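Below is one structure, written out as structure tokens, with a few remarks after it.
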Amino acid sequence: QVQLVESGGGLVQPGGSLRLSCEASRTISRINRMDWYRQAPGKERELVATITRDGRTNYADSVKGRFTISRDNAKNTVYLQMNSLKPEDTADYYCNGDIYHLDGILRNYWGKGTLVTVSS
């Protein structure tokens, strides 16, 4: 069973930066599409950023120009660079991805989340 493991969350002051990582826990063939979602207390989970297999990206309007999603195919890892953080970016951040296993089967997985807190 593959797991997606997020890391990089923490407490940061407004205007600061964090880089989140999402890595597959076991050897896989490749990551296909990967999304980053976030869920703030009392709010619905929202899509923040997407990166496709060939590297095309898309962002929520609320993070455009501040967040950058990228991937390292050799490491089977996807990153979310978050700059100019605002208190309203405070949330649990989750990665969700379509993973090709070594046997060619494609499955979708969620990570367990990493908490980002933006506060002075």
Side-chain angles (χ1 to χ4, degrees):
Q1 181 78 7
V2 172
Q3 292 181 336
L4 294 179
V5 181
E6 301 101 334
S7 61
L11 173 64
V12 63
Q13 291 186 343
S17 298
L18 284 174
R19 189 177 80 156
L20 306 183
S21 299
C22 176
E23 182 178 6
S25 62
R26 298 181 64 181
T27 301
I28 60 172
S29 177
R30 66 180 182 273
I31 296 174
N32 201 34
R33 177 200 51 80
M34 185 71 79
D35 300 323
W36 281 99
Y37 286 79
R38 67 185 180 187
Q39 187 166 19
K43 296 188 176 181
E44 294 186 354
R45 190 171 294 189
E46 64 170 341
L47 178 62
V48 174
T50 295
I51 188 164
T52 65
R53 174 183 170 183
D54 57 0
R56 288 174 293 162
T57 59
N58 196 36
Y59 299 92
D61 288 342
S62 58
V63 306
K64 278 182 182 177
R66 300 187 299 122
F67 289 12
T68 302
I69 189 171
S70 62
R71 60 192 294 160
D72 185 333
N73 291 331
K75 295 181 179 180
N76 285 321
T77 301
V78 175
Y79 304 97
L80 185 68
Q81 177 67 43
M82 305 185 295
N83 299 326
S84 302
L85 282 161
K86 305 174 182 179
E88 51 263 43
D89 294 318
T90 295
D92 286 303
Y93 283 73
Y94 301 87
C95 57
N96 174 267
D98 293 330
I99 306 296
Y100 277 104
H101 289 251
L102 295 177
D103 58 7
I105 294 177
L106 180 67
R107 291 195 175 98
N108 182 265
Y109 294 93
W110 283 94
K112 294 184 177 180
T114 185
L115 177 62
V116 172
T117 303
V118 184
S119 175
S120 55

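Side chains included, hydrogens not; waters and symmetry mates left out as well; all remaining heavy atoms used. Note that this is a predicted model, so its numbers are computed, not measured.
Not a single donor-acceptor pair under 3.5 Å links the side chain of T117 to the backbone N or O of T90. Under a 3.5 Å cut-off, the side chain of E6 and the backbone N or O of K112 do form a donor-acceptor pair. Proximity of a side-chain donor or acceptor of T114 to a complementary backbone N or O of G9 within less than 3.5 Å is detected.
T77 and D72 form no side-chain donor-acceptor contact under 3.5 Å, judged by distance and modelled atom types alone. With hydrogens and angles left out, the side-chain atoms of N73 and R71 include a donor and acceptor closer than 3.5 Å.
The stretch residues 34-82 participates, sequence neighbours left out, in no disulfide (SG to SG under 2.5 Å) pair at all. Counting only residues at least two apart or in different chains, disulfide (SG to SG under 2.5 Å) contacts with residues 13-120 comprise C22-C95.
Cation-pi geometry between R19 and W36 is not satisfied (NZ or CZ under 6.0 Å from the ring centre, within 45° of the ring normal).
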Would you list the atom pairs, donor with acceptor, under 3.5 Å between side chains in residues 56-70 and any protein atom, with sequence neighbours excluded?
residue : atom : partner : partner atom : Å
R56     : NE   : D54     : OD1          : 3.1
R56     : NE   : D54     : OD2          : 3.3
Y59     : OH   : I69     : N            : 2.9
D61     : OD1  : K64     : NZ           : 3.2
S62     : OG   : R38     : NH2          : 3.4
R66     : NH1  : S84     : O            : 3.0
R66     : NH1  : D89     : OD2          : 2.7
R66     : NH2  : S62     : O            : 2.9
R66     : NH2  : D89     : OD1          : 3.0
R66     : NH2  : D89     : OD2          : 3.4

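Annotation for E88: atom CD counts as buried by contact number, over 12 foreign heavy atoms lying within 6.0 Å. Counted within 6.0 Å of CZ on R26, heavy atoms from surrounding residues, nucleotides or ligands total 12 or fewer; the atom is thus considered open.
We find the CG-CG distance between L85 and L18 to be 5.5 Å, quoted to the nearest 0.5 Å. Interatomic distance, CE of M34 versus CG of L80, reported as 11.5 Å (0.5 Å rounding). With rounding to the nearest 0.5 angstrom, the CG atom of D98 is 11.0 Å from the CZ atom of R30.
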Task: Pair L20-V116, side-chain contact (heavy atoms from CB on, under 4.5 Å): steps then yes or no - done: CA-CA 9 Å; L20 306 183; V116 172; 4.0 Å; yes
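Q39 is listed as a side-chain neighbour of Y94, based on a closest heavy-atom distance under 4.5 Å.
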